[in-house]
Amino acid sequence: MLIAPTFITPLSSKTEQLQIPIKSRGLCGILRKADQEETGKRMLDSEWMSAVSAWEKIYGLLLEAPPSCEKIVLYFHGGAYCAMSAQTHRTLTHKISKATKRRVLAVNYRLAPETRFPGALYDAVQSFLYMIDPKGPYKLDPKNIVVMGDSAGGGLCLAMMLYLRDHGLAQPEGAALLSPWVDLSFSYPSWKNASLYDYLPDNPGELKAMNPASLYLDSPHLVRHPYVSPIFADNFDNMPPILIQSGGCESLRDEIMDLTEKMRKSKGTMVHHEIYEDMVHVFQAFPFGKSTEAIERIGWWTKLGIPLITEWQSRHPIQPTEVKVGSCEREQQLPPLLLGRRHRSIPC
């Protein structure tokens, strides 16, 4: 997102700064080197966002210390890995907190070009592991955390879940990805003439000085790494339930559509994709009528959709078969969300 974020803090909100201590956690793979270099002295800035009532705001009621059973949203902001922060996204995280009835922890992961890949991924993994650390102050159950992100933050969410899965670490309860940026190679045709409909520039991959991928990566050969561009992952098997929302005329339309198709062919992973006609990139951050509708569906997905899918999966292990929504023969075997109104996340 490049134009919607603002530093304005909603009146019916409560923010609280949190510094996450970063320490070596014995991480493997591409994060091994970064993990070994940690001295235990670095702190990662983040911010709690809570939607509170006007009465609570006026009288300054303080929230009690969060119990280990608290359910939260872990949020990663967009900005092409080069810009924005938890503070610029307060309006959006406030709406998400209000819709989900959860506190939102927005993480200020390190940005490029000062910190290159895999710095942002490392910070994302560290923040998740900190929240579920049995020796930490929160001790949250991983299944009480829904991860969310917009644009680059959505891609970072997906990359983090792939890393957690690949290395046998705990997974979050589910995810909601808002116009996730999952292909840093800009190889899909919807990037051509994007500015006719969207506010993003045409073909950013052709830019020399301001190509976000070149600022984020040390080498162009990394652009197809699945933790950089999750669209190129070998598979999306055995991941938590994922909601994807995208605009019908946004620049990332084609890569998000392809991502959804690949996820639908995976084993044990439920994905639900909502396309909003005539909407732009991360339209949820703008004051559009459909933005309110989309935020409400994120709330329903978090409060009821994910639990429904989790219960259904426990009773009906998903097989690697193609699902045809219109098939009468398969109707009774479909997951609950696919039988809802217009195949959206809100039931009839």
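Counting begins at 1 with the first residue of the sequence.
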- Task: For Tyr227, enumerate each residue passing the ring-ring contact (aromatic ring centres under 6.0 Å, His included) test, keeping only those at least two apart in sequence or located in another chain.
- Result: Tyr163, His225
- Message: For Asp183, give me all partners under salt bridge (Lys or Arg N to Asp or Glu O under 4.0 Å), at least two apart in sequence or on another chain.
- Response: none
- Can you find a side-chain donor-acceptor pair between Gln17 and Trp48 that sits under 3.5 Å? no
- Identify, with sequence neighbours excluded, every residue that meets salt bridge (Lys or Arg N to Asp or Glu O under 4.0 Å) alongside Asp218. Arg116
- Message: Taking the side chain as everything from C-beta on, heavy atoms only, tell me whether Arg103 gets closer than 4.5 Å to Glu70.
- Response: yes
- Item | Over 12 non-hydrogen atoms of neighbours within 6.0 angstrom of OH in Tyr197 | no
- Message: According to ring-ring contact (aromatic ring centres under 6.0 Å, His included), who are the partners of Phe236, at least two apart in sequence or on a separate chain?
- Response: none
- Under 3.5 Å, is there a donor-acceptor pair linking the side chains of Tyr122 and Gln126? yes
- Item | Side chain to side chain, Ile22 and Ile20, heavy atoms closer than 4.5 Å | yes
- Task: Go through the side-chain N and O atoms of Asn235 and Ser266 and say whether any donor and acceptor fall under 3.5 Å apart.
- Result: no
- Check Lys290, Lys95, Gln245 against Gln284 for a side-chain hydrogen bond (donor to acceptor under 3.5 Å, both in side chains) and give me the one that passes. Gln245
- Arg253 meets the side-chain hydrogen bond (donor to acceptor under 3.5 Å, both in side chains) criterion, sequence neighbours left out, with none
- With sequence neighbours excluded, give me every salt bridge (Lys or Arg N to Asp or Glu O under 4.0 Å) pair touching residues 21-35. Lys23-Asp133, Arg25-Asp133
- Message: Using 30° and 60° as the class boundaries, would you call the ring planes of His281 and Tyr199 parallel, tilted or perpendicular?
- Response: tilted
- Donor-acceptor pair, side chain of Asp254 and main chain of Tyr188, under 3.5 angstrom: no
- Message: What I want to check is whether the side chains of Tyr75 and Asp150 have a donor and an acceptor closer together than 3.5 Å.
- Response: yes
- Query: Is there any salt bridge (Lys or Arg N to Asp or Glu O under 4.0 Å) pair reaching into residues 157-179, and which pairs are they, with sequence neighbours excluded?
  - Reply: Arg102-Glu173
- Query: Among all residues two or more places apart in sequence or in another chain, which pass the side-chain contact (heavy atoms from CB on, under 4.5 Å) test with Leu217?
  - Reply: Phe117, Leu222, Val223, Val228
- Task: Provide the full list of ring pair (Phe, Tyr, Trp, His ring centres under 6.0 Å) pairs with a residue in residues 238-261, sequence neighbours left out, each pair given once.
- Result: none
- Is the shortest heavy-atom distance from the side chain of Leu105 to the side chain of Glu47 under 4.5 Å? no
- Item | Salt bridge Arg42-Asp123, side-chain N to carboxylate O under 4.0 Å | yes
- Task: Check whether any side-chain heavy atom of Tyr130 lies under 4.5 Å from a side-chain heavy atom of Pro137, and answer yes or no.
- Result: yes
- Message: Please determine whether a side-chain nitrogen of the Lys or Arg among Glu293 and Arg297 lies less than 4.0 Å from a carboxylate oxygen of the Asp or Glu.
- Response: yes
- Query: Could you walk me through whether Ser246 and His273 pass the side chain to side chain donor-acceptor pair (under 3.5 Å) check?
  - Reply: CA-CA 8 Å; Ser246 61; His273 185 197; 2.8 Å; yes
- By side-chain contact (heavy atoms from CB on, under 4.5 Å) - contacts of Pro240 (at least two apart): Met161, Gln171, Pro172
- Query: Do Glu250 and Ser179 have a side chain donor and acceptor closer than 3.5 Å?
  - Reply: yes
- Message: So, using side-chain contact (heavy atoms from CB on, under 4.5 Å) as the criterion, who are the partners of Glu261 when residues are at least two apart?
- Response: Arg264
- Query: With a 4.5 Å limit on heavy-atom distance, are the side chains of Tyr81 and Leu156 in contact?
  - Reply: yes
- Task: Just jot down the side-chain contact (heavy atoms from CB on, under 4.5 Å) partners of Asn144, sequence neighbours excluded, or say none.
- Result: Lys71, Asp141
